[in-house]
Amino acid sequence: MERVLRAVEQVPRGCVVSYGDLAALVGIGPRQVGSIMKAYGGNVTWWRVTNSYGDLPAPLLERARETWAQEGILLKRNGLGCDIRRYRADLDALAASYERAVTDLP
DNA sequence: CTAATGACGATTC
DNA sequence: CGAATCGCCATTA
């Protein structure tokens, strides 16, 4: 759980990753990432985590829109999310900084 | 212990 | 494009 939140914090501004991306990175199932985000995601940059289509559930998208606009993330045609192919963070770089962040723990 | 439950994902029709 | 289906697995009831 701690690891998931740590991973989220490594996603650069103006980028997004999918639940599945984080799941693979941390080594759990995508649904677990979703559960964790629901419960504890409020304290991190949750708006940079979408499903594999770049979408967010309606109520969340509503809250993310402002921030997305600030970070330069534009909405997709259908308005359900962003074009993840364009904004998805570099997964190798993400993995790198994630590893660093978890090993540097006290 | 079993059963239901998801901020999910890939596939199929 | 949308809807249905199945696999997934920690958490909760």
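Just so we're on the same page: letters track the sequence lines, and every chain starts at 1. All heavy atoms count here, side chains included; hydrogens, waters and symmetry mates do not.
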Should A/Val16 and A/Val11 count as side-chain neighbours, where that means a heavy-atom distance under 4.5 Å? no
Enumerate the protein-to-nucleotides 8-10 of chain B contacts in which both atoms are nitrogen or oxygen and the separation is below 3.5 Å.
from, atom 1, to, atom 2, distance (Å)
B/dC8, N3, A/Arg31, NH1, 3.1
B/dC8, N4, A/Arg31, NH1, 2.3
B/dC8, N4, A/Arg31, NH2, 3.3
B/dG9, OP1, A/Gly20, N, 3.0
B/dG9, OP1, A/Ser52, N, 3.4
B/dG9, OP2, A/Ser52, N, 2.7

Side chain to side chain, A/Met1 and A/Tyr40, heavy atoms closer than 4.5 Å: yes
Please answer: with hydrophobic residues joined when any side-chain heavy atoms are less than 4.5 Å apart, are A/Leu5 and A/Leu60 in the same cluster? yes
Any donor-acceptor N/O pair, A/Tyr87 side chain to A/Leu74 backbone, under 3.5 Å: yes
Same cluster for A/Val44 and A/Leu61 if Ile/Leu/Val/Met/Phe/Trp/Tyr side chains link at under 4.5 Å? yes
Please check if A/Leu75 and A/Val49 belong to a single hydrophobic cluster, counting links between Ile, Leu, Val, Met, Phe, Trp and Tyr side chain heavy atoms closer than 4.5 Å. yes
If you assign A/Asn78 and A/Ile28 each to the DNA chain C nucleotide with the nearest heavy atom, which residue ends up on the more 5' nucleotide? A/Asn78
Students should find this one: the first and last nucleotides of DNA chain C, 5' to 3', lying under 4.0 Å from a heavy atom of chain A. What are they? C/dG7 to C/dA10
Between A/Asp83 and A/Arg77, is there a salt bridge with N-O shorter than 4.0 Å? no
Using the rule that Ile, Leu, Val, Met, Phe, Trp and Tyr join whenever any side-chain heavy atoms are under 4.5 Å apart, tell me whether A/Trp46 and A/Ile28 fall into a single cluster. yes
Please report, rounded to the nearest Å, how far the C1' atom of B/dA7 is from the CZ atom of A/Arg48. 17 Å
